Colleague: 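The structure under discussion is supplied below as structure tokens; questions concerning it will follow.
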Amino acid sequence: IMASYGEGSPDGYPSINAGLRGLDDDKYATSLYISLTLAVLNLLGYIVIVTFLAVTEVPIIIRQLDDYVEECLDSVSMKEADYRDPGAFTWWFVTLIFNVLFIIMHLSNYPGKENQGLYLFLVLGINLPWTISCVRNYVVVPNTPQTRIFCVIYDVLITKPFFRNHVILMICSINGFGQSSYFPLMLMDIMNNSRVLANVARSVTDNITALALVFYLFVCTVAIYAQFGLEYFEDW
């Protein structure tokens with residue numbers, strides 16, 4: 001219900017924060033106060049939920065992780081060298097090489113037409129997020145304070161999606177005071193409350209490897225079609 005008409009519009013106010021700094025037209029004051037009240041109540045609700053989940057869920061993850069570490073340290077069959085798994089970075093390194101080679105080939109084939117956005121996506125958008133997962137797989141036994149903290153944070157965010165999603169929604173609620181476009185993102189909260197939508201999302205995430213191979217086959221088909229099309233049917 002916020003009377004937001006976009007940045008620079010003479011009508012309404014672009015955000016709650018901008019409205020609180022001063023409205024040019026008092027006729028939107030009621031809208032501002034209603035939006036502010038609802039936004040504060042919404043934020044307080046998420047703070048309560050996140051706090052409750054943090055108090056109840058995080059200690060469980062910590063206890064499970066500490067029990068696992070203690071079991072591994074007491075195990076006779078597990079050596080200290082087994083606490084880390086360098087093989088976790090194998091496919092990450094292979095992907096990084098392919099990305100770098102693709103960038104070099106793109107620069108060679110299209111001189112003077114660098115695509116910085118594509119290059120940043122290949123390196124930062126693919127390899128950087130993957131690095132965090134590889135580091136977690138590398139740390140088999142978090143036997144140091146630093147690795148323990150990292151593994152606790154990672155396991156909480158990955159294995160507790162309900163907690164993670166509400167943290168994200170709380171951040172969107174906070175940012176919504178300064179930029180109203182964050183408020184519609186909180187409509188995705190239905191993913192936390194609908195079992196049907198959760199099963200739909202799980203059908204994708206549980207089959208991510210098969211879907212990735214299908215996407216790779218699709219890319220191969222497009223590349224073959226484009227090559228033969230340019231070679232034999234360019235005039236058409």
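Since this is a predicted model, take the numbers as computed values, not measurements. Keep in mind that the numbers below use all heavy atoms, side chains included, and drop hydrogens, waters and symmetry copies.
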Colleague: Are V40 and V50 connected in the hydrophobic side-chain network, where two residues link if heavy atoms are under 4.5 Å apart?
Modeller: yes
Colleague: Can you tell me how far apart CG (N207) and CG (L213) are? Round to the nearest 0.5 Å.
Modeller: 11.5 Å
Colleague: If two hydrophobic side chains count as joined below 4.5 Å and joins carry through other members, does I97 share a cluster with I104?
Modeller: yes
Colleague: Evaluate the side-chain proximity of F89 to V135: yes if any heavy-atom separation is below 4.5 Å, no if none is.
Modeller: yes
Colleague: Donor-acceptor check, side chain of T147 to backbone of T144, threshold 3.5 angstrom: yes or no?
Modeller: yes
Colleague: How many angstroms lie between atom CG of N17 and atom CG of L36, to the nearest 0.5 angstrom?
Modeller: 10.5 Å
Colleague: Return the CG to CD1 distance between L128 and I126, rounded to the nearest 0.5 Å.
Modeller: 11.5 Å
Colleague: Determine whether a donor-acceptor pair (N or O, by modelled atom type, separation under 3.5 Å) exists between the side chain of T221 and the backbone of L217.
Modeller: yes
Colleague: M186 and S173: which non-hydrogen atoms are nearest, and at how many Å?
Modeller: SD-CB, 3.5 Å
Colleague: Is there a chain of hydrophobic side chains (I, L, V, M, F, W, Y, each step under 4.5 Å between heavy atoms) that links V69 to I153?
Modeller: no
Colleague: Would one find more than 12 heavy atoms of other residues, nucleotides or ligands at under 6.0 Å from atom CZ of F52?
Modeller: no
Colleague: Ignoring hydrogens and geometry, is there a side-chain-to-backbone donor-acceptor pair from N42 to L38 under 3.5 Å?
Modeller: no
Colleague: Go through the steps to decide whether S133 and N137 satisfy the test side chain to side chain contact (heavy atoms under 4.5 Å, CB included), and finish with yes or no.
Modeller: CA-CA 6 Å; S133 176; N137 294 329; 3.8 Å; yes
Colleague: Stepwise, does the side chain to side chain contact (heavy atoms under 4.5 Å, CB included) test hold for F183 with S35?
Modeller: CA-CA 11 Å; F183 281 134; S35 299; over 6 Å; no
Colleague: Indicate the atoms forming the closest heavy-atom contact of Y119 with E114, along with that distance.
Modeller: OH-CA, 3.9 Å
Colleague: Considering the options R148, R84, E80, which one meets the side-chain hydrogen bond (donor to acceptor under 3.5 Å, both in side chains) requirement together with N143?
Modeller: R84
Colleague: With a 4.5 Å cut-off on side-chain heavy-atom distances among I, L, V, M, F, W and Y, is there a chain of contacts connecting I174 to V167?
Modeller: yes
Colleague: If every non-hydrogen atom of S75 is compared with every non-hydrogen atom of S77, which pair is closest and at what distance?
Modeller: OG-OG, 3.1 Å
Colleague: How are the rings of H106 and Y110 set to each other: parallel, tilted or perpendicular (split at 30° and 60°)?
Modeller: tilted
Colleague: Output every pair passing salt bridge (charged side-chain N to carboxylate O under 4.0 Å, His left out) with a member in residues 185-205, not counting sequence neighbours, ordered by first then second residue.
Modeller: none
Colleague: How long is the straight-line distance from CG of L169 back to CG of N192, given to the nearest 0.5 Å?
Modeller: 6.0 Å
Colleague: When you look at V140 and D82, which way does the side chain to side chain contact (heavy atoms under 4.5 Å, CB included) test go after all the steps?
Modeller: CA-CA 7 Å; V140 179; D82 298 329; over 6 Å; no
Colleague: Cut-off 3.5 Å, side chains only: do W130 and T95 have a donor facing an acceptor?
Modeller: no
Colleague: When you group the ILVMFWY residues by side-chain heavy-atom contacts below 4.5 Å and let the links chain together, are Y138 and F150 in the same group?
Modeller: yes
Colleague: Any luck finding a side-chain donor-acceptor pair between N99 and N127 under 3.5 Å?
Modeller: yes
Colleague: Do V139 and C151 touch side chain to side chain, with heavy atoms closer than 4.5 Å?
Modeller: yes
Colleague: To the nearest 0.5 Å, what is the distance between CG on L107 and CG on N115?
Modeller: 9.5 Å
Colleague: To the nearest 0.5 Å, what is the distance between OH on Y68 and CG on L73?
Modeller: 10.0 Å
Colleague: Let's go through V156 and R164 carefully: what are the C-alpha distance in whole Å and the side-chain angles of both, what is the deciding distance for side chain to side chain contact (heavy atoms under 4.5 Å, CB included) to 0.1 Å, and is it a yes or a no?
Modeller: CA-CA 8 Å; V156 167; R164 176 195 64 221; over 6 Å; no
Colleague: State, to 0.1 Å, how close A198 and M191 come at their nearest heavy-atom pair, and which atoms those are.
Modeller: CB-O, 4.3 Å
Colleague: Should we count CE of M78 as having more than 12 external heavy atoms under 6.0 Å?
Modeller: yes
Colleague: Are any of the side-chain heavy atoms of V123 and I103 separated by less than 4.5 Å?
Modeller: yes
Colleague: Kindly check if the number of other-residue, nucleotide or ligand heavy atoms within 6.0 Å of OH (Y182) is above 12?
Modeller: no
Colleague: Before accepting this row, confirm whether a basic side-chain N of the pair K160/D155 lies closer than 4.0 Å to the acidic partner's carboxylate O.
Modeller: no
Colleague: Is I190 atom CD1 crowded by more than 12 heavy atoms from other residues, nucleotides or ligands, each under 6.0 Å away?
Modeller: no
